[in-house]
Visitor: 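Structure in structure tokens, see below.
What you are looking at is a predicted structure, and each value in this text was computed from that prediction instead of being measured.
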Amino acid sequence: KPGGLMRTNIPAFRLPETVIDEEIGYITGMGAEIRYNSRIDSLEKLLSKGGFDAVFVGSGAPKGKELDLPGRQQGAANIHIGIDWLESVAFKHLDKIGNRVLIIGVGNTAMDCCRSSLRLGATDVKVMARKPRQFFKASEWELEDAESENVEIVVNHAPKSFVVENGRLAGMLFDQMEYELDARGRIVAERVIGEAFFPADDVILAIGQENAFPWIEDDLGLEFDKWHVPVVDKVTFQSTLPKVFFGGDSAFGPKNIIWAVEHGHQAAISIHNF
């Protein structure tokens, strides 16, 4: 179905499929053609044989970040990458999770993971945050929605290691943090004041996402910065390869759907002018 990332990486309780279907219907009703089963594995091939005057890339930031700490490999069966885990839930590849779940991270994906965990049967879900609440990436209303469902948000705890006992994940060890703020509320110093163990049957990592472009060849004249993010004009959304435009997470890193749709609007104007 069209709207793939919205369907598979955002839970239906937050973005219902009926809403996506309606929005996509507006687009197809205007005459846009959706080509199914059309995997893109080479930008060079698409540009040379596709017959397109311009290409817009809105492939998102599909690679979830890892947390390479002691015990990660030994406890791997019960440690999940948030964005991939949400996709597995959406496709019904899994329909359960342990009773005690720790979510590492405090962004939008973390909020989706904690609330989805409850819907799969978890009874004790904690969102673990390294910093105080005012530094969270998630919107305040999302935090309130999670807390209204009895998700506990634990601040000032930095992941230290995964604890594995008898070959199975038992929980995580955290450094307890203390921060010094200046008059403008910025962190000017931090220190570890202790450590704490939190038991868990499963841990979901939602500490950020990265761009991944294995299908874009290096010799096309399309420049990337040191973080492997495409160099894109912030007004026109045009890349250094003139007929290729980027928007949303694929252009500037993870934010939200509304922000990405606006990029599509602006890029469409640029493509028209181009």
Side-chain angles (χ1 to χ4, degrees), residues 3 5-23 60-61 64-65 67 78-159 169 171-172 174 176-177 179 181 185 187 196-209 249 254-261:
L5 285 176
M6 290 187 288
R7 293 180 198 276
T8 59
N9 297 129
I10 300 178
F13 63 79
R14 202 156 72 77
L15 182 58
E17 282 209 33
T18 52
V19 174
I20 300 175
D21 290 339
E22 182 179 355
E23 295 287 337
K65 289 184 179 179
L67 191 58
N78 296 93
I79 301 171
H80 318 280
I81 301 295
I83 190 168
D84 297 334
W85 182 81
L86 287 170
E87 190 171 296
S88 294
V89 172
F91 281 122
K92 296 181 169 43
H93 292 162
L94 57 85
D95 59 3
K96 61 182 179 180
I97 197 166
N99 288 329
R100 302 168 301 177
V101 179
L102 297 180
I103 312 294
I104 311 301
V106 288
N108 297 330
T109 298
M111 296 302 104
D112 292 342
C113 288
C114 68
R115 297 177 68 193
S116 294
S117 295
L118 292 171
R119 285 157 176 77
L120 292 187
T123 56
D124 181 357
V125 180
K126 291 181 173 63
V127 171
M128 307 300 298
R130 177 186 176 92
K131 295 179 180 179
R133 190 169 178 130
Q134 63 265 38
F135 295 96
F136 290 8
K137 291 182 178 180
S139 304
E140 184 60 31
W141 65 266
E142 287 196 285
L143 299 172
E144 292 171 357
D145 282 352
E147 288 176 317
S148 72
E149 296 182 359
N150 294 321
V151 171
E152 182 182 356
I153 298 175
V154 182
V155 301
N156 297 359
H157 280 70
L169 181 72
M172 285 191 71
F174 295 82
Q176 294 174 297
M177 307 297 296
Y179 297 92
L181 308 180
I187 295 174
F197 171 76
F198 285 77
D201 301 304
D202 286 272
V203 171
I204 302 176
L205 305 178
I207 55 175
Q209 294 155 226
D249 295 0
K255 286 200 176 176
N256 60 47
I257 291 291
I258 297 170
W259 179 82
V261 170

Visitor: Nearest heavy-atom pair of V127 and G105: which atoms, and what distance?
Guide: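 For V127 versus G105, the nearest heavy atoms are CG1-O, 3.2 Å.
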Visitor: Which heavy atom of A146 sits nearest a heavy atom of C114, and at what distance?
Guide: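 Distance-wise, the nearest heavy atoms are CB-SG, 3.9 Å.
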Visitor: For M177 and H157, run side chain to side chain contact (heavy atoms under 4.5 Å, CB included): C-alpha distance rounded to whole Å, both residues' side-chain angles, the deciding distance at 0.1 Å, then the answer.
Guide: CA-CA 6 Å; M177 307 297 296; H157 280 70; over 6 Å; no
Visitor: What pairs with L118 under side-chain contact (heavy atoms from CB on, under 4.5 Å), at least two apart in sequence or on another chain?
Guide: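 Testing L118 for side-chain contact (heavy atoms from CB on, under 4.5 Å), a comparison that skips the adjacent residues, returns V125, E149, V151.
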Visitor: Going by the rule salt bridge (Lys or Arg N to Asp or Glu O under 4.0 Å), which residues pair with E144 if we only count those two or more places apart in sequence or in a different chain?
Guide: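 Counting only residues at least two positions away or on another chain, E144 forms no salt bridge (Lys or Arg N to Asp or Glu O under 4.0 Å).
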Visitor: Run the side chain to side chain contact (heavy atoms under 4.5 Å, CB included) test on V261 and E23 for me, step by step, so that the C-alpha distance in whole Å, both residues' side-chain angles and the decisive distance to 0.1 Å come before the verdict.
Guide: CA-CA 11 Å; V261 170; E23 295 287 337; over 6 Å; no
Visitor: Looking at every non-hydrogen atom in both residues, tell me the closest pair between S117 and I204 and how far apart they are.
Guide: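 In this case the closest contact between S117 and I204 is OG-CD1, 3.6 Å.
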Visitor: Stepwise, does the side chain to side chain contact (heavy atoms under 4.5 Å, CB included) test hold for V106 with K137?
Guide: CA-CA 6 Å; V106 288; K137 291 182 178 180; 5.5 Å; no
Visitor: Can any side-chain N or O of S116 pair as donor or acceptor with the backbone N or O of C113 at less than 3.5 Å?
Guide: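 Not at all, since once roles are kept as given, no pair shorter than 3.5 Å links the two residues.
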Visitor: With sequence neighbours left out, what residues match P132 under side-chain contact (heavy atoms from CB on, under 4.5 Å)?
Guide: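 Q134, F135, N156, Y179.
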Visitor: Which pair of non-hydrogen atoms, one from D201 and one from N99, has the smallest distance, and what is that distance?
Guide: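 That closest heavy-atom pairing would be OD2-N, 3.3 Å.
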Visitor: With under 30° as parallel and over 60° as perpendicular, where do the rings of W85 and H80 fit, or are they tilted in between?
Guide: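 W85 and H80: tilted rings.
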